[in-house]
Enquirer: 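The structure follows.
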Protein chains: 2
Amino acid sequence: MGCAVSVPLYQAKAEFFKTLGHPARIRILELLSERDHAVHELLEKIAIEPSNLSQQLAVLRRTSLVVFHRQGGEVIYSVSVPEVRDLLLAARSILSGLIAAQGDLESELSPTLRAQ
Amino acid sequence: MGCAVSVPLYQAKAEFFKTLGHPARIRILELLSERDHAVHELLEKIAIEPSNLSQQLAVLRRTSLVVFHRQGGEVIYSVSVPEVRDLLLAARSILSGLIAAQGDLESELSPTLRAQ
DNA sequence: ACATGAGTTGCGCAGTTCTTCAAGTCGTGT
DNA sequence: ACACGACTTGAAGAACTGCGCAACTCATGT
């Protein structure tokens with residue numbers, strides 16, 4: 001493949017991970033990877049202001065991780081890249097490994113974090 | 001879901017992705033997932049200030065993604081969680097999908113962004 | 001035409017993160 | 001004991017994000 005990309009790949013990767021680096025956005029992607037949701041449905045399940053939700057959706061749209069379409073009065077979002085689900089799962093497994101390891105160390109110091 | 005958690009999992013995930021959301025840190029992880037590196041070796045391959053590199057290493061250390069040990073005069077870093085490699089690969093494949101898709105659309109609209 | 005529910009956008013402030021410079025620590029060789 | 005290379009830490013300003021409020025758009029129902 002010809003292809004030295006001029007926006008170096010590692011920078012694109014960083015951008016990509018940045019868009020995943022926010023609790024609300026993670027939550028949204030998790031919900032959408034179960035099934036499509038209208039904005040007001042997301043709103044019921046994620047406790048944030050409508051405008052805030054809208055902004056987070058805009059971030060996800062900008063990186064094309066989600067797409068939307070109108071249907072009657074509502075706007076329906078869906079994940080555009082199904083593999084995102086795998087990525088989230090991979091992250092969870094790494095994460096639980098890390099937490100378990102730290103838990104071992106910290107269980108004496110701060111028992112607070114343990115239960116996941 | 002049994003599981004009300006003190007640090008909700010999706011928040012921990014977001015934190016995790018945040019630590020991946022920086023070009024230098026991605027670069028470091030990529031290099032370390034090939035083989036262990038001393039700091040000055042990383043410095044040769046990543047064009048940033050020593051102190052900056054050190055800070056980014058500190059971020060990765062804080063989340064336990066890397067570990068280090070001294071050996072003579074140098075400090076050697078290694079990835080502590082080998083699965084990180086898979087995660088980076090997964091990200092790359094999603095990313096190249098996205099870039100390919102966007103490239104198709106944008107090549108006619110804004111040739112500006114392309115090479116870069 | 002108007003009101004209403006569903007979403008989005010613009011803006012300003014508060015809080016974070018990045019980056020650089022200067023100063024500090026820790027080993028090794030002399 | 002001293003100097004030097006290899007790193008790390010601290011601090012401060014710039015740059016960026018996140019959040020809520022108010023204003024706006026758009027489609028539907030009356």
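By convention in this document, chain letters (A, B, ...) are assigned in the order of the sequence lines, proteins followed by strands, and residues within each chain are numbered from 1.
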Enquirer: Does A:Phe17 reach the side chain of B:Leu95, with side-chain heavy atoms less than 4.5 Å apart?
Expert: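 No. Closest side-chain heavy atoms not under 4.5 Å.
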
Enquirer: Checking only heavy atoms, does the side chain of A:Ser51 share a donor-acceptor pair with the base of D:dC21 at less than 3.5 Å?
Expert: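 Pair found.
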
Enquirer: What is the distance from NE2 of B:His37 to P of D:dC7, rounded to the nearest Å?
Expert: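 Between P of D:dC7 and NE2 of B:His37: 12 Å.
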
Enquirer: Give the rounded distance in Å between these two atoms: CD1 of A:Ile48 and P of D:dC21.
Expert: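 In whole Å, D:dC21 P and A:Ile48 CD1 are 14 Å from each other.
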
Enquirer: Treating A:His40 as the side-chain partner and A:Ala38 as the backbone partner, does any N or O pair qualify as donor plus acceptor under 3.5 Å?
Expert: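 It does not hold such a pair.
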
Enquirer: Are any non-hydrogen side-chain atoms of A:Leu29 and A:Ile26 less than 4.5 angstrom apart?
Expert: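 No, their side chains stay 4.5 Å or more apart.
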
Enquirer: Tell me what A:Ala38 touches on the nucleic acid: a base, only sugar-phosphate, or nothing, going by heavy atoms under 4.0 Å.
Expert: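 Result for A:Ala38 = sugar-phosphate.
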
Enquirer: Can you tell me the distance, in whole Å, between the CD atom of B:Glu49 and the C1' atom of D:dT9?
Expert: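 Computing the B:Glu49:CD to D:dT9:C1' distance gives 14 Å.
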
Enquirer: Working to the nearest 0.5 Å, report the span between CG of B:Leu32 and CG of B:Leu60.
Expert: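 Here the rounded value is 8.0 Å.
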
Enquirer: Could you check how far CD of B:Glu15 sits from C1' of D:dG18, rounded to whole Å?
Expert: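 Answer to the nearest Å: 14 Å.
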
Enquirer: Within this structure, what is the CD-to-C1' distance between A:Gln55 and D:dA23, rounded to whole angstrom?
Expert: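 Going from A:Gln55 (CD) to D:dA23 (C1'), I get 14 Å.
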
Enquirer: Can you tell me how far P of D:dG18 sits from CG of A:Leu57, to the nearest Å?
Expert: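 For the pair A:Leu57 CG and D:dG18 P, the rounded distance is 14 Å.
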
Enquirer: Send over the distance from A:His22 NE2 to D:dG18 C1', rounded to a whole Å.
Expert: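 Distance check: A:His22 NE2 to D:dG18 C1' gives 6 Å.
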
Enquirer: Does this structure show an ion pair linking B:Glu34 with B:Arg85, if we count only N-O contacts that are shorter than 4.0 Å?
Expert: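 A salt bridge is absent here (no side-chain N lies under 4.0 Å from a carboxylate O).
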
Enquirer: Distance under 4.0 Å to a non-hydrogen atom of chain B counts as contact; along DNA chain C, which nucleotides mark the start and end?
Expert: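 For DNA chain C, the relevant span reads C:dC18 to C:dT28.
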
Enquirer: Which residues within residues 61-77 of chain A lie with some heavy atom under 4.0 Å of an atom in DNA chain C?
Expert: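 Residues of residues 61-77 of chain A under 4.0 Å from DNA chain C: A:Arg61, A:Gly73, A:Glu74, A:Val75, A:Tyr77.
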
Enquirer: Rounded to whole Å, please give me the gap between CD in B:Gln56 and P in D:dT8.
Expert: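 After rounding, the gap between these two atoms is 12 Å.
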
Enquirer: Between B:Ser80 (side chain) and B:Ser64 (backbone), is there a donor-acceptor pair under 3.5 Å?
Expert: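 The answer is yes, because a donor-acceptor pair under 3.5 Å joins these two groups.
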
Enquirer: Can you check whether B:Arg92's main-chain N or O pairs, donor with acceptor, with B:Ser96's side chain at less than 3.5 Å?
Expert: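 The answer is yes, because a donor-acceptor pair under 3.5 Å joins these two groups.
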
Enquirer: Charged N to carboxylate O under 4.0 angstrom, A:Glu30 versus B:Lys13?
Expert: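 B:Lys13 and A:Glu30: salt-bridged.
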
Enquirer: Just to be sure I understand the rule, does B:Asn52 reach a base, reach only the sugar-phosphate, or reach nothing, if contact means heavy atoms closer than 4.0 Å?
Expert: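 Answer is base: heavy atoms of B:Asn52 come under 4.0 Å of a base.
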
Enquirer: Out of curiosity, B:Ile48 CD1 to B:Leu53 CG, how far, rounded to the nearest 0.5 Å?
Expert: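 Result: 4.5 Å between the selected atoms.
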
